[in-house]
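For reference, the structure is listed below as structure tokens.
Sequence positions, counted from 1, serve as the residue numbers for this chain. Please read all numbers here as calculations on a predicted model, not as lab measurements.
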Amino acid sequence: DRLNRLAPGQPESLLLLCRLQRQSGQPRAALQTISKLADAGVPELRIQAERRLTAARLGDLESSEPFLSQLLTNDELDSRDVCEAFVIGYRTRYHMREAMALIDVWQNDFPQDSGIIFRRGISGAAATTRTPPSIK
């Protein structure tokens, strides 16, 4: 909310807000922010990327997974954000093999990223249980 007050309608601030909302487990708020991106002048391809990342995090792999490689190679996106969104989506859908494979890719590209250890631990624990993971 503070970001919106400081820089209302600015494309960069809306994109940052969207990412923060998505990463902090507020995908519904991210979707609301995405709806404002076109009016702020954000190109449609970038808006689609934000929609796909949010869909991935929500576990909507049918609409997002076909674009995973495109998202990972998009220079406008942080590939760590892409990996995190998909790892969470894979875990939500109990696709642990895919989650762990993507974590390996993430670790190869960013060996010092502490988020990898966290996601690997959660995904590994989720793979050994039958109850839905409670941490996203």
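Scanning for side-chain hydrogen bond (donor to acceptor under 3.5 Å, both in side chains) contacts around Gln21 gives Thr33, with sequence neighbours left out. Every residue two or more places apart in sequence or in another chain was checked for a side-chain hydrogen bond (donor to acceptor under 3.5 Å, both in side chains) with Arg97, and none qualifies. Legend: residues meeting side-chain contact (heavy atoms from CB on, under 4.5 Å) with Arg80, ordered by chain and number and at least two apart, are Asp78, Trp106, Phe110, Asp113. Contacts of Gln26 classified as side-chain hydrogen bond (donor to acceptor under 3.5 Å, both in side chains), with partners at least two apart in sequence or in another chain: Ser24. Residues passing the salt bridge (Lys or Arg N to Asp or Glu O under 4.0 Å) test with Glu50 are Arg22, Arg46, sequence neighbours excluded. Scored by the side-chain hydrogen bond (donor to acceptor under 3.5 Å, both in side chains) test, Glu44 finds Arg51 as partners (sequence neighbours excluded). Not counting sequence neighbours, Gln112 has no partner by the side-chain contact (heavy atoms from CB on, under 4.5 Å) test. In this view, Arg52 satisfies the salt bridge (Lys or Arg N to Asp or Glu O under 4.0 Å) rule with no residue, not counting sequence neighbours. By the side-chain contact (heavy atoms from CB on, under 4.5 Å) test, Ser63 is found to be paired with Ala55, Asp60, residues two or more places apart in sequence or in another chain being considered.
The closest donor-acceptor contact from the side chain of Arg57 to the backbone of Gly89 lies at 3.5 Å or more, if one exists at all.
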query = Please walk me through it: do Phe67 and Glu65 pass side-chain contact (heavy atoms from CB on, under 4.5 Å)?
reply = CA-CA 5 Å; Phe67 302 96; Glu65 192 174 34; over 6 Å; no
task = Please report the C-alpha distance between Glu98 and Phe86 in whole Å, then the side-chain angles of each, then the deciding distance to 0.1 Å, and finally whether the side-chain contact (heavy atoms from CB on, under 4.5 Å) criterion is met.
result = CA-CA 9 Å; Glu98 291 88 345; Phe86 276 88; over 6 Å; no
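Interatomic distance, CD of Gln10 versus CG of Leu17, reported as 13.0 Å (0.5 Å rounding). Distance CD1/Ile47 to CG/Leu14: 10.0 Å, rounded to 0.5 Å. Atoms NE2 and CE, from His95 and Met100 in turn, are 15.5 Å apart once rounded to the nearest 0.5 Å.
Contact detail for Ala49 and Leu77: the closest heavy-atom pair is CB-CD1, 3.9 Å. Scanning all heavy atoms of the two residues, the minimum distance from Leu72 to Cys83 falls at CD2-SG, 3.8 Å. Scanning both residues, Pro27 and Leu58, for their nearest heavy atoms gives CG-CD2, 3.3 Å. Among all heavy-atom pairs drawn from Cys18 and Ile34, the shortest one is SG-CG1, 3.4 Å.
The only option from Val87, Leu102, Leu53 that meets the side-chain contact (heavy atoms from CB on, under 4.5 Å) definition with Val82 turns out to be Leu53.
Using a 4.0 Å cut-off between a side-chain N of Lys or Arg and a carboxylate O of Asp or Glu, Glu84 and Arg19 do not qualify as a salt bridge.
Applying the salt bridge (Lys or Arg N to Asp or Glu O under 4.0 Å) test to residues at least two apart or on different chains, the pairs with a partner in residues 101-111 are Asp104-Arg120.
Counting heavy atoms from C-beta on, the side chains of Leu61 and Ser64 come closer than 4.5 Å.
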